[in-house]
Amino acid sequence: MVPFLSSSASGTGLSLRFFGPFEVRLNEGPPLAFPYDKVRALLAYLALEPAEHPREALAQLLWPDLEAEQARANLRRCVFDLRRGLGPAGADWISGGPRALRLNSPASTHFDVPEFERSPTAVLISPEELAQQLEQRLALYRGPLLSGLSLPDAPEFEAWLQARRDALHRLALALLEELITHHEQRHETARALQHALRAIELEPWRESLQRSCMRLLARHSPEAALAHFGTFELQLEQELGVRPSPQTLQLAEQIQRQCQSQAPAGAQRPARVERRRLVALVAELDLINPGEEATALLEQALTRAVASLQARGAHVALAERAELLAYFGHPVAREQAPRDAAEAALDLAAALQPLAALSWRVGLHAGWSHGSSEANRPDEAGTLAREARRLAWHAPARGLVLGQTLQRRLHSHFQWAPGEGPDAHSHALLLARRPTTPIDQGSEPQPPRLLGRQTELTQLTQLWQQVGQSGQAAALLLRAEPGLGKSRLAATLARQVQHEGGTVLTLRCQAESAHTPYFALLESLPVWLGLDSDAATRRDPSLGSALATLGLNQPEHLRHLLGLLDSRPQTLEAAAQDDTHPAERKRREQALLCELIAGLGQGRPLLLWVEDLHWADGATLETLARLVAQGSPVLLLATSRQTLPPALAHSGMGELSLGPLSTHAARELAQSLAEPQALSEAWQAAIVSRADGVPLFVEELTRAWQAGLSEQVPDSLWDVLAARLDSLGPAKHIAQLAAAIGRDFSDSLLLALGEPAERVAAGLEALLRSGLLRRQRSGAYHFKHALVRDAAYQSLPQAERRAIHARLAQVLRTHFAERLQAHPEILAHHLSEATDPGAAQAWLAAGRQAAARSAHAEALHDFQAGLAALQALPPH
């Protein structure tokens with residue numbers, strides 16, 4: 001039973017805060033609790049639409065799928081729960097009689113939305129007073145209107161709410177732009193920049209805001225402005241696949257010239273070297289019968305091989321004299337770099353297979369390297385290339401060999417055979433991709449138990465049952481950061497549906513095809529229809545038969561589908577015969593795809609699971625929106641890292657956000673993964689502490705423990721974390737400096753290290769926007785995940801780490817002496833990491849202070865660290 005908090009008096013003040021999460025308070029007391037979202041939605045609607053509303057209209061708005069009598073009964077219950085939740089005065093505040101409802105809030109009501117919308121209080125008002133009023137209004141805008149409130153089964157309410165959200169969002173941007181102009185005209189750069197950065201948080205893709213921010217940053221630091229532009233340019237490429245507008249590029253060029261004009265003559269900043277995990281691929285080509293055409297044949301083979309590797313995102317460093325060298329994870333880290341490398345090796349073999357006179361050997365090795373993305377040098381010492389070349393020598397003719405590390409990473413995705421020879425244990429022969437069923441795509445053959453997600457699973461199950469009972473379509477987006485278990489939750493529902501005899505279709509979107517129309521749909525169609533993957537391109541008769549079984553046996557059905565599946569351009573003759581307008585052809589194609597998907601359900605409810613919706617192309621999104629709108633009994637369940645795309649938001653798709661696991665669920669997951677071994681209490685605590693409630697982190701840290709690995713960040717997580725850091729562009733360096741300070745840090749310490757204020761501000765803003773940092777109430781910053789901080793720190797070369805710690809020690813002694821008196825262990829830590837001889841003395845002082853406070857465990861740690869520092873000193 002949900003407890004209701006109420007006031008003890010009827011004349012109390014009411015506080016409604018609808019910006020950000022829904023919050024209602026009485027007499028400035030704790031937030032009131034309401035039992036379900038329909039109650040919150042009803043109160044929000046009555047408050048935001050201050051009029052008398054017929055009960056029939058409200059019932060239809062909130063329960064459109066129910067009969068009128070049942071909907072009214074639900075409304076009566078909802079009104080009862082709302083009045084009860086508002087306390088003794090609730091009956092007076094929610095009035096209107098038996099036929100209508102309205103909200104009669106007391107005069108003392110504080111309501112953030114109308115206060116935010118209120119225009120200036122006077123006609124004649126000074127610019128300074130106007131700016132002050134604008135800032136007061138913006139302080140109310142804590143986030144989108146009623147964020148987190150969603151009624152997937154009430155599309156008209158969702159449409160109303162989205163329209164109000166959009167209008168208020170636009171108003172917030174307008175107020176911010178007015179403030180930016182006000183402060184910029186008065187040369188108040190810092191305040192203008194503060195508002196510009198907040199506006200970018202609300203509308204990151206509006207380039208006029210990005211240009212304002214660049215101009216403001218360039219006033220004091222052209223380098224910081226270029227760093228901000230670099231971050232934006234990289235995000236545009238990765239998220240939307242587009243380039244900045246000509247105006248933005250022109251401004252960046254102007255700032256670049258300004259930066260060059262201010263630089264000393266002949267000065268050039270050396271390219272930064274970083275520590276990274278990469279996969280190196282070496283292919284050694286060999287002619288079986290060398291002849292006059294040997295050179296031409298090798299050139300043809302290299303051209304084919306380079307094209308196949310680059311299609312998988314490889315950086316080809318060498319392609320000459322019958323040798324090929326490529327790297328995966330350079331210049332930007334990729335989440336699936338090892339898997340991409342293995343896929344690329346198989347693609348390379350397929351591309352070279354027709355060349356009968358050619359043989360090849362391929363070696364793949366993953367490991368740490370020191371290199372520079374800026375200078376395009378992925379592996380300066382050549383250690384990865386040498387190991388990959390050694391593995392290639394172990395390969396048989398036309399064979400692909402993997403090193404040990406890659407075997408561990410790829411065991412569930414590929415098939416291989418044991419290696420041969422004296423070093424057979426160190427390598428394996430890559431054979432083929434491991435076959436998967438639709439449900440297994442993107443998950444492991446035997447995934448761990450679903451823990452800590454029972455509430456969300458119940459919601460999904462109820463939504464699936466609702467589709468079955470109503471015979472109508474429903475759509476829900478599971479949104480979460482990488483690793484929080486959205487795919488596993490969707491897979492669990494899919495298995496339940498299959499176990500009950502239902503139909504499940506899986507659609508996987510990929511980053512590489514985010515701009516290829518219908519790519520995911522067309523890749524999945526052969527699997528759904530039970531056909532060979534290239535049946536369509538061969539005009540296989542089985543395609544027509546499969547369509548006929550679905551009732552799509554008209555000639556135009558097959559013609560339209562073949563037109564979609566065939567990647568070859570139309571011949572001139574075929575184009576001349578087809579005089580259909582492109583828009584009409586698109587409509588017919590999407591209608592056919594929707595009919596085909598609905599037909600696969602054979603009249604029964606169908607679950608369409610769309611994985612990684614954030615990579616779906618526009619045509620696929622339009623088709624999915626059409627599928628939901630046509631009303632067939634389909635549950636569209638999509639996973640994504642981003643919010644709803646507009647095409648589906650307008651179709652009434654709901655959204656369910658996943659947060660971290662509770663400590664109890666994370667412990668339970670770690671223990672279940674460790675079975676039959678038993679995790680000690682200390683190991684459980686260590687894993688849970690570092691995983692921060694992310695299921696993927698719990699799993700990989702537990703597996704690292706099982707394998708006896710001692711790395712701070714398991715290599716299975718490195719690619720995911722490094723990809724997120726690389727997506728920050730220039731802000732990554734701020735993350736690295738902050739990581740050297742610790743998981744918690746202040747911007748004042750970053751500034752004391754000598755970083756320009758604008759660069760620090762832009763970097764911290766990018767880190768906050770990416771979700772990697774949180775700002776605490778004290779004003780300090782906190783890495784959201786310990787492993788993200790560890791990954792940023794590990795990407796620093798050892799020499800640069802020591803230099804940063806030495807600078808930190810000096811800065812702390814000079815500018816933060818009071819802090820060191822309370823926490824001498826901070827100075828000791830940085831001196832130790834800098835290998836400074838004074839570390840032992842600093843640890844001794846820290847240990848004495850801890851012992852004086854009876855903090856015996858801390859004192860023991862400090863004394864032991866001091867002894868270790870003494871032992872590390874060179875002999876006299």
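Throughout, residue positions are numbered sequentially from 1 according to the sequence presented.
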Query - Criterion side-chain contact (heavy atoms from CB on, under 4.5 Å) on Glu207 and Gln247, from CA distance to verdict - result: CA-CA 9 Å; Glu207 294 200 39; Gln247 299 97 312; over 6 Å; no
Examine distances only and state if a side-chain atom of [X] and a backbone atom of [Y] form a donor-acceptor pair shorter than 3.5 Å.
X	Y	value
Arg743	Lys784	yes
Asp347	Ser308	no
His614	Gln642	no
Arg724	Ser770	yes
Ser369	Pro378	yes
Arg275	Gln794	yes
Glu284	Ala392	no
Asp340	Gly313	no
Gln210	Trp205	no

Nearest-0.5 Å distance, [atom1] of residue [X] to [atom2] of residue [Y]:
X	Y	atom1	atom2	answer
Ile255	Phe229	CD1	CZ	9.0 Å
Leu197	Leu217	CG	CG	7.0 Å
Leu346	Arg433	CG	CZ	5.0 Å
Trp416	Leu406	CH2	CG	9.5 Å
Asp617	Phe519	CG	CZ	9.5 Å

Requested in this report: Hey, can you tell me if Trp718 and Trp368 have their rings parallel, tilted or perpendicular (30° and 60° cut-offs)?
Outcome: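 Answer is perpendicular, since the angle exceeds 60°.
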Query - Mutual orientation of the aromatic rings belonging to His829 and His805 [parallel < 30°, tilted 30-60°, perpendicular > 60°] - result: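 His829 vs His805 ring planes: perpendicular.
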Report task. In sequence, state the C-alpha distance, the side-chain angles, and the governing distance for Arg334 and Glu343, and then conclude on salt bridge (Lys or Arg N to Asp or Glu O under 4.0 Å). Result -> CA-CA 14 Å; Arg334 296 167 64 93; Glu343 294 276 8; over 6 Å; no
Side chain to side chain, [X] and [Y], heavy atoms closer than 4.5 Å:
X	Y	answer
Leu773	Phe745	yes
Phe697	Ile687	no
Leu721	His785	no
Arg398	Gln353	yes
Leu298	Leu358	yes
Val811	His830	no
Val362	Leu430	no

May I ask you to check whether [X] and [Y] show a side-chain donor-acceptor distance below 3.5 Å?
X	Y	result
Arg211	Thr248	yes
Gln736	Glu274	yes
Arg386	Thr383	no

Query raised in the report: Given the rule in the side-chain contact (heavy atoms from CB on, under 4.5 Å) test, do Ile734 and Leu750 qualify, once you have shown the distances and angles that lead to the verdict?
Result: CA-CA 8 Å; Ile734 300 299; Leu750 280 173; 4.0 Å; yes
Query raised in the report: If you measure from the Lys or Arg side-chain nitrogens to the Asp or Glu carboxylate oxygens, is any gap between Arg789 and Asp692 under 4.0 Å?
Result: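 Between Asp692 and Arg789 there is no salt bridge, as every charged N stays at least 4.0 Å from the carboxylate O atoms.
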Report task. Identify whether the distance between the nearest side-chain nitrogen and carboxylate oxygen of Asp719 and Arg277 falls below 4.0 Å. Result ->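 Answer for the salt bridge query: no.
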Requested in this report: Check Ala731 against Ala766 and note the closest heavy-atom contact, atom names and distance.
Outcome: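 Heavy-atom minimum between the residues: CB-CB, 3.7 Å.
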Requested in this report: Please report the shortest heavy-atom distance between Leu364 and Ala345, naming the atom on each side.
Outcome: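 Looking at all heavy atoms of both residues, the closest pair is CD1-CB, 3.8 Å.
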Report task. Verify side-chain contact (heavy atoms from CB on, under 4.5 Å) between Leu787 and Val694, making sure each step is shown before the conclusion. Result -> CA-CA 10 Å; Leu787 287 171; Val694 179; over 6 Å; no
